[in-house]
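Report on one structure; see the data block that follows.
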Amino acid sequence: MTRKSVDELLATTRFETDEHNAHIVIDPQACRTCPSDRACVTSCPAQRYVWDEAADQMRFDHVGCLECGNCRLVCERLRLGAEGYSWNYPATGAGVSYRQG
Amino acid sequence: MADEDAFDAIVVGGGFAGLAAAYRLAQADKSVLVVERGQVCGAKNLTGGRIYAYALQALLGDRWREAPVQREVKREIISLLTEQDAVNVDSTLTSVEEESYTVLAAPLLAWLAEQAEEAGAMIVTETTVDGLIIRDGRVCGVTTGDEQLEASVVIDCEGINPLLLERAGLIRPLDPHDVAVGAKFVFGMPAAEVEQRFGVQPGEGAALLGMGDPTHGVFGGVFAYTNNESVSLGLVVDSAAWAKSGRSLLATAQDLQEHPALRRYVGDAELLEYGAHLVYEGGYDTLPQMSGDGWLICGDAAGLCLNRGFTIRGMDYAVMSGIAAADTVVEAVEAGDTGPTGLAGYRRRLDEGLLQDFRTLRGGHAWMSGTPDLFTVYPKLAVDLMTDLYHVGAEPVRPVGSTVWRTARKVRKPFSTARSLLKGMKTL
Ligand SMILES: Cc1cc2nc3c(=O)[nH]c(=O)nc-3n(C[C@H](O)[C@H](O)[C@H](O)COP(=O)(O)OP(=O)(O)OC[C@H]3O[C@@H](n4cnc5c(N)ncnc54)[C@H](O)[C@@H]3O)c2cc1C
Ligand code: SF4
Ligand code: SF4
C-alpha cells in the first residue's frame with residue numbers, strides 16, 4: 001500500500017474554496033517566538049501548517065482546512081486571539097463540504 | 001418582547017441537535033428558522049459513527065425506519081493492539097434488536113433536514129451566524145453579515161467549537177483538556193466485501209473499538225465501522241496530550257491502514273473521503289449553564305458527548321437535548337415567558353433524562369486520561385499472554401498457570417493496578 005501525500009488525501013474530500021479570504025489568520029513571522037512548541041505543525045490533521053526553515057517563518061494555507069478547530073486549541077495565540085491571530089469559520093458555505101461525514 | 005414577524009425560535013446549526021429541535025418545534029406549530037453555514041445540512045459534519053436507535057425513535061416515531069442509516073450493529077469488537085498484534089474481545093450480539101446502527105453524517109443530516117422542512121421549519125444554508133443579538137442581557141436573535149434576525153428564543157446548536165457562545169461570554173472557552181481530535185477515512189467497497197471482511201451477514205454490521213499502540217500512550221482509541229458500501233476507519237486522541245507528544249497526527253492516522261490487525265478491513269480499498277473533527281469528552285463536571293434569558297444550548301456546544309473509550313455517544317444526546325430544548329420552548333412561548341425562569345425547565349428535563357448518564361459516568365474521563373497503562377501496558381500484556389499460550393516450539397511445554405503468572409508478574413505493581421482497574425469499573 002503506498003502512502004498518500006496530504007494533497008492526495010485532501011483531493012478525496014470536497015472543498016468549496018474561497019481562495020482569497022482566509023478564515024484562519026496567523027502572523028508567520030511572529031510564529032518564530034511560538035509559545036506553544038509549534039504544536040500546530042503536528043496537531044493539524046490536514047497539515048496546513050508547515051515550518052519554513054529557510055525563510056524562518058510559518059507557512060499556513062487555509063485551502064484544504066477541515067475546519068476541525070484543533071489549531072484553535074493547541075495554539076495559545078489562536079486560542080486567546082492574540083494580535084495578528086484569529087480563528088473563524090468561512091463566512092458562507094465555503095470550505096470543506098463532506099459527502100460522507 | 002418579540003415583534004410580529006420575529007420567529008418563535010432561531011436555531012443556530014443544522015446538525016443533529018439543531019435539526020431535532022427544529023423538527024420538534026415545527027411539529028408543535030411554532031415558527032422556527034435554522035441557520036446552517038454548510039452548503040447543505042450535513043456538509044460540515046463528521047461523526048464516527050454509530051447512532052443509538054432510541055433517539056431516532058424518540059424524535060420521529062416509527063418513521064425513523066426510513067432514515068438513511070447504514071447497518072445494524074450485530075458484532076462488537078474490542079481490540080487490544082500492540083505494534084504488530086491484537087487480542088480481540090469479539091461479541092456477536094445477534095439477538096440484540098435494533099439497538100444501534102452505523103451511520104454517515106452527511107446523508108443522514110440531509111434527510112433529517114428534509115423531514116424538518118416538511119414539518120414546517122425554515123432552513124437557510126450557506127449562512128454563517130456571526131454573532132448573537134444581546135439587549136439588556138437578553139438574547140434576542142442572531143446576526144449574519146448585515147442582517148439581523150430576531151426570535152423569542154435562540155437555540156444554540158453550533159457544535160463543538162461554540163464560537164458564538166464563547167464570544168458572548170455565555171460559556172467559558174473550550175479547554176483543550178476537555179476535547180479530543182478525530183481523524184477519519186472512509187474506504188469504499190461493495191457490500192459483499194464489507195460483509196466478508198467483517199464476518200457479518202448481509203445488511204448487518206460491526207463496530208470495532210481499538211486501544212493500544214496506535215495512539216502511542218495518549219488517551220484515545222481507534223474505530224472501524226461498517227457502512228453499506230464502505231468502511232469508516234479512524235482515530236480519536238486527547239487534543240492537549242497529543243499536542244505535547246510532538247507526533248504527527250496525520251501520519252499516525254495513516255499508520256492505521258498499515259497495522260497488520262487493521263489493514264485486512266480496508267487494505268486496497270479506494271479512499272472516498274478524509275476528514276477531521278473535534279469530540280467533546282469533558283464529562284459532567286465541565287458542563288456549562290444550559291439556558292438563560294432567551295437562549296438554550298444543545299448537543300456538542302453544551303458538552304453533551306461522552307467518550308467511554310469503548311463507545312462515543314454524542315449523536316443520541318444531541319437529538320435528545322434538541323427535543324428537550326424544543327419542548328421547553330413550546331411551553332415557554334405558550335406561557336409568554338421566554339426569560340430565564342420560563343426556560344429553566346430545560347435543565348430539569350435534561351436532569352431527569354440524559355444527564356443521569358453523565359452523573360453515573362462522572363470521573364470516567366479523568367480516570368481514563370490519568371491511567372496511561374490502559375493504552376500501553378495492558379494491551380501489551382494481553383498480547384504477550386496470548387502469544388505465550390498459543391506458542392509451540394521445541395522447548396518443553398509450560399502449564400497454563402505458570403504462563404499466566406509469568407505474564408501477570410510483568411505488571412510492575414499488581415496491587416495498585418488492581419485498585420486502579422476497580423476504580424475504573426466504577427466510573428465507566
Ligand atoms: C471521530 C468522531 C467519532 C464519533 N463517534 C460517535 C459515535 O460513534 N456515536 C455518537 O453518537 N457520536 C459520535 N461522535 C460525536 C457526534 O458526532 C457529535 O456529538 C454530534 O455530531 C454532535 O451533534 P451536534 O448537532 O451537537 O453538532 P454538529 O453535528 O457538529 O452540528 C453543528 C452544526 O452547526 C453548524 N454551525 C456551527 N457554527 C455555525 C454558525 N456560526 N452559523 C451557522 N451554522 C453553524 C455546523 O456547520 C454544523 O452543521 C463522534 C465524533 C467524532 C468527531
Ligand atoms: S502554534 Fe500558533 S504561534 Fe505557534 S507556530 Fe503555530 S500558529 Fe504560530
Ligand atoms: S481547523 Fe483543523 S484542519 Fe483547519 S488548520 Fe486548524 S487544525 Fe488544521
Side-chain angles (χ1 to χ4, degrees), chain A residues 1-18 21 23-24 34 36-50 64-76 78-81 86-101, chain B residues 36-40 42-47 49 103-109 125-128 130 145 160-161 163 173-176 179 181-186 227 230 232 239-240 242-251 253-254 257-258 263 267-268 270-278:
Chain A
M1 203 179 318
T2 49
R3 196 170 268 246
K4 285 189 164 56
S5 70
V6 64
D7 291 338
E8 287 171 312
L9 270 183
L10 293 174
T12 63
T13 308
R14 191 169 71 187
F15 290 93
E16 303 293 335
T17 301
D18 181 344
N21 298 307
H23 53 286
I24 299 170
C34 172
S36 312
D37 293 330
R38 295 200 186 118
C40 59
V41 175
T42 48
S43 284
C44 169
Q47 277 177 3
R48 296 297 84 199
Y49 296 82
V50 178
C65 163
L66 297 165
E67 298 160 37
C68 69
N70 201 32
C71 57
R72 181 173 89 91
L73 300 183
V74 301
C75 166
E76 193 182 302
L78 279 174
R79 186 157 57 88
L80 302 175
S86 69
W87 197 99
N88 279 294
Y89 286 125
T92 55
V96 70
S97 197
Y98 291 122
R99 283 161 297 187
Q100 315 281 333
Chain B
E36 164 56 47
R37 66 189 190 90
Q39 282 202 313
V40 292
K44 299 289 186 184
N45 313 71
L46 186 127
T47 191
V103 293
L104 291 164
L108 180 54
L109 288 170
T125 54
E126 295 188 68
T127 307
T128 303
D130 317 308
I160 188 80
N161 281 297
L163 300 179
L174 198 58
D175 185 321
V179 175
V181 51
K184 171 179 164 181
F185 306 88
V186 182
N227 304 313
S230 63
S232 301
S239 170
W242 194 265
K244 260 207 224 120
S245 80
R247 279 177 192 274
S248 159
L249 183 60
L250 178 63
Q254 282 184 292
Q257 297 163 57
E258 287 160 30
R263 66 161 295 161
D268 301 325
E270 181 202 359
L271 180 64
L272 299 182
E273 192 172 86
Y274 173 63
H277 198 88
L278 296 181

Problem set entry | When A:D37, A:L10, A:L9 are compared by non-hydrogen pairs under 4.5 Å with chain B, the top option | A:L9
Which answer fits [X], side chain, backbone, both or neither, if we ask what part of it has an atom under 4.5 Å from a heavy atom of chain A?
X: B:V40; answer: neither
X: B:A276; answer: both
X: B:K184; answer: side chain
X: B:A253; answer: neither

So which of [options] has the largest heavy-atom pair count under 4.5 angstrom toward chain A?
options: B:S230, B:A106, B:A183; result: B:A106
options: B:T47, B:D130, B:T127; result: B:T47
options: B:D175, B:N227, B:L163, B:V179; result: B:L163
options: B:L104, B:V103, B:V186, B:I160; result: B:L104

For this session: Kindly state each residue pair satisfying salt bridge (charged side-chain N to carboxylate O under 4.0 Å, His left out) with at least one member in residues 66-76 of chain A, sequence neighbours excluded.
Result: A:E67-B:R37, A:E67-B:K44, A:R72-B:E166
For this session: Would you please name every residue forming a ring pair (Phe, Tyr, Trp, His ring centres under 6.0 Å) with A:Y98, sequence neighbours left out?
Result: none
Report the distance from atom [atom1] of [X] to atom [atom2] of [Y], rounding to the nearest 0.5 Å.
X: B:H277; Y: A:L66; atom1: NE2; atom2: CG; value: 11.0 Å
X: A:N70; Y: B:L249; atom1: CG; atom2: CG; value: 7.0 Å
X: A:Q100; Y: B:S232; atom1: CD; atom2: OG; value: 8.0 Å
X: B:L250; Y: A:C44; atom1: CG; atom2: SG; value: 8.5 Å

Check [X] against [Y] and note the closest heavy-atom contact, atom names and distance.
X: A:G101; Y: B:E273; answer: N-OE1, 2.9 Å
X: A:C68; Y: B:N161; answer: O-ND2, 2.8 Å
X: A:L73; Y: B:P176; answer: O-CG, 3.7 Å
X: B:V181; Y: A:P45; answer: CG2-CG, 4.4 Å
X: B:L174; Y: A:R79; answer: O-CD, 4.4 Å
X: B:Q254; Y: A:K4; answer: NE2-O, 2.9 Å

For this session: Can you tell which part of A:A11 gets under 4.5 Å to a heavy atom of chain B, answering side chain, backbone, both or neither?
Result: neither
Exercise. Considering residues, nucleotides and ligands other than B:E270, do more than 12 of their heavy atoms fall under 6.0 Å from its CD?
Worked result: no
Problem set entry | Donor-acceptor under 3.5 Å (B:T128 side chain, A:P90 main chain) | yes
Exercise. Are any of the side-chain heavy atoms of B:E126 and A:E16 separated by less than 4.5 Å?
Worked result: no
For this session: State, yes or no, whether a side-chain contact exists between A:V74 and B:W242 at a heavy-atom distance under 4.5 Å.
Result: no
